[in-house]
There are 2 protein chains.
Amino acid sequence: MINFEKLFYLCPGSNKSIMKKDPKDLSTEEKIKAAARKIFTQKGYSATRTRDIAEEAGINLALLNYYFRSKEKLFDLVMLENFGQFISGVRALFNEKDTTLQQKIETVVDFYITQLKTNPDLPLFVLTEIRSNPKKLQAKGFSKDLLAQSYFLKQLSEELKKQKKAIHPLHFIMNLFAMTIFPFISAPLIKTMGVGDLEFSNLMEERRKLLPIWIMKLIQEP
Amino acid sequence: MINFEKLFYLCPGSNKSIMKKDPKDLSTEEKIKAAARKIFTQKGYSATRTRDIAEEAGINLALLNYYFRSKEKLFDLVMLENFGQFISGVRALFNEKDTTLQQKIETVVDFYITQLKTNPDLPLFVLTEIRSNPKKLQAKGFSKDLLAQSYFLKQLSEELKKQKKAIHPLHFIMNLFAMTIFPFISAPLIKTMGVGDLEFSNLMEERRKLLPIWIMKLIQEP
DNA sequence: GTCTATAACCTGATAGAC
DNA sequence: GTCTATCAGGTTATAGAC
């Protein structure tokens with residue numbers, strides 16, 4: 001077993017990164033940020049009105065500007081934290097030296113499924129905002145060597161070489177994230193086809209165990 | 001080989017469903033619709049200003065309301081066409097009686113990869129709008145029996161039974177669409193990691209061949 | 001720090017001339 | 001059918017009292 005818990009604490013804005021507090025104990029600033037986070041993530045930048053955030057936070061509209069100056073500044077803050085929560089936790093994991101490839105895959109699947117069960121709106125938010133503003137990625141220090149220099153990629157490449165597979169390792173990384181994240185993104189569609197909330201949740205629990213097996217099988221078998 | 005081309009013609013709004021015309025030959029109404037389609041799909045409902053659509057169409061703002069009465073009416077039109085393009089084509093395919101499971105999977109992969117190469121913004125648009133307005137789905141006649149009653153599901157279930165796998169068939173359908181669509185959704189992220197446009201395109205071509213093999217392997221092997 | 005009131009701006013929609 | 005000019009409504013941001 002590896003340091004699974006650690007991932008959560010690495011995520012800025014994670015539920016687990018702050019001690020749980022009674023909403024009444026949060027400072028006004030924190031209340032606004034929490035409300036903004038919730039509504040921005042759900043509806044995106046343009047569809048969110050600062051009035052809604054103020055109401056959700058239980059404070060006055062003017063206070064929002066008092067603390068954060070503008071809607072955009074507040075958004076940038078939330079956006080960076082959401083993005084961090086979505087991806088930064090993986091950075092540390094990718095460079096663990098003392099875990100196998102399979103263990104890393106198990107951890108990624110486990111981490112995201114847990115994360116997305118409580119925060120299903122995150123991927124659509126992150127992907128939409130990245131598309132409409134790719135610059136802010138690099139500002140966050142996100143660059144090509146996050147993956148390229150990672151120990152994870154090294155392990156994966158070696159495994160592929162061992163199997164004599166001349167397939168780009170990126171294919172398997174895409175498969176990993178696709179199979180893990182996509183079901184949550186398309187949940188509204190899946191639920192339209194007669195899958196209830198409980199059944200959906202159960203399916204995701206099954207995937208927690210199935211995905212690592214499947215992904216390893218694609219990597220290892222001829 | 002099956003009727004692959006047919007799928008395109010079943011898609012309202014598909015590039016292939018209209019003869020290609022010089023933009024100058026399009027009627028004003030068509031020009032507005034095309035512009036609206038482009039900008040709505042790229043930026044979503046709220047972030048789109050009717051002024052932008054008018055400019056893109058090369059006409060005046062007032063004309064937009066003259067032809068379509070309101071922003072929302074225009075959007076609904078585009079939304080239904082986009083949604084149709086994204087999913088309706090599959091309906092017919094799912095009920096072909098004379099193709100094998102594997103052939104259907106090959107066709108779905110082929111269809112979506114071709115579709116998404118020219119229209120990569122479609123999935124994020126469709127998924128975002130479905131989440132914020134699930135009702136419009138049923139209005140379009142989309143219901144649980146699209147999949148539940150399909151011949152595709154029947155074939156898949158039988159194959160699983162033959163392999164004595166007690167795994168919900170939905171898992172494999174999720175895998176199919178996830179592995180096909182997700183790479184396009186996350187393209188901006190992938191390109192940040194040093195993958196150029198050409199390399200990305202090549203990777204997708206490789207997936208056209210690899211995905212059916214992988215998906216069948218997961219279904220068939222123990 | 002927090003509120004009310006209001007300024008400044010933006011956006012969708014329409015009136016009316018051509 | 002197409003345009004210019006403008007209205008009506010809503011949104012962000014600020015001024016100023018407490």
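Chain identifiers are assigned alphabetically (A, B, ...) following the order of the sequence lines, protein sequences preceding nucleic acid strands; residue numbering begins at 1 within each chain.
With no hydrogens or angles considered, no side-chain donor-acceptor pair links A:Lys43 and A:Thr48 at under 3.5 Å. A donor-acceptor pair shorter than 3.5 Å cannot be found between the side chains of A:His168 and B:Glu206. Side-chain N/O atoms of A:Lys117 and A:Ser201 include a donor and acceptor closer than 3.5 Å.
Here the P atom of nucleotide D:dA13 and the OH atom of A:Tyr67 are 18 Å apart, to the nearest Å. Straight-line distance from the CG atom of A:Leu64 to the P atom of D:dA15: 16 Å, rounded to whole Å. Between the P atom of D:dA13 and the NZ atom of A:Lys73 lies a distance of 10 Å, rounded to the nearest Å. Per the geometry, CZ belonging to A:Arg69 stands 10 Å off P belonging to D:dA13, to the nearest Å. For A:Ile39 and D:dT11, the CD1 to C1' distance is 15 Å, given to the nearest whole Å. Atom CG in A:Asn65 sits about 13 Å away from atom C1' in C:dA7, given to the nearest Å. Straight-line distance from the CZ atom of A:Phe68 to the P atom of D:dT12: 16 Å, rounded to whole Å. Rounded to an integer number of Å, the gap from CG of B:Leu74 to P of C:dT11 is 17 Å.
Residue B:Tyr66 is in base contact, counting any heavy-atom pair closer than 4.0 Å across all strands shown.
Using a 4.5 Å cut-off on side-chain heavy atoms (C-beta onward), A:Glu56 and A:Asp52 make no contact. Taking the side chain as every heavy atom from C-beta outward, B:Phe40 and B:Leu74 approach each other to under 4.5 Å. Residues A:Glu129 and A:Phe75 meet the side-chain proximity criterion, which asks for heavy atoms closer than 4.5 Å.
Electrostatic pairing of B:Arg208 and B:Glu205 counts as a salt bridge here, judged by a charged N lying under 4.0 Å from a carboxylate O.
Residue B:Leu63 places its side chain closer to D:dC3 than to any other of C:dG1, C:dA13, D:dC3.
Applying the 4.0 Å criterion to OP1 and OP2 of C:dG1, one finds that A:Thr28 has every side-chain N and O outside that range.
Listed by residue number, B:Asn60, B:Ala62 are the residues of residues 44-62 of chain B with a heavy-atom contact under 4.0 Å to DNA chain D.
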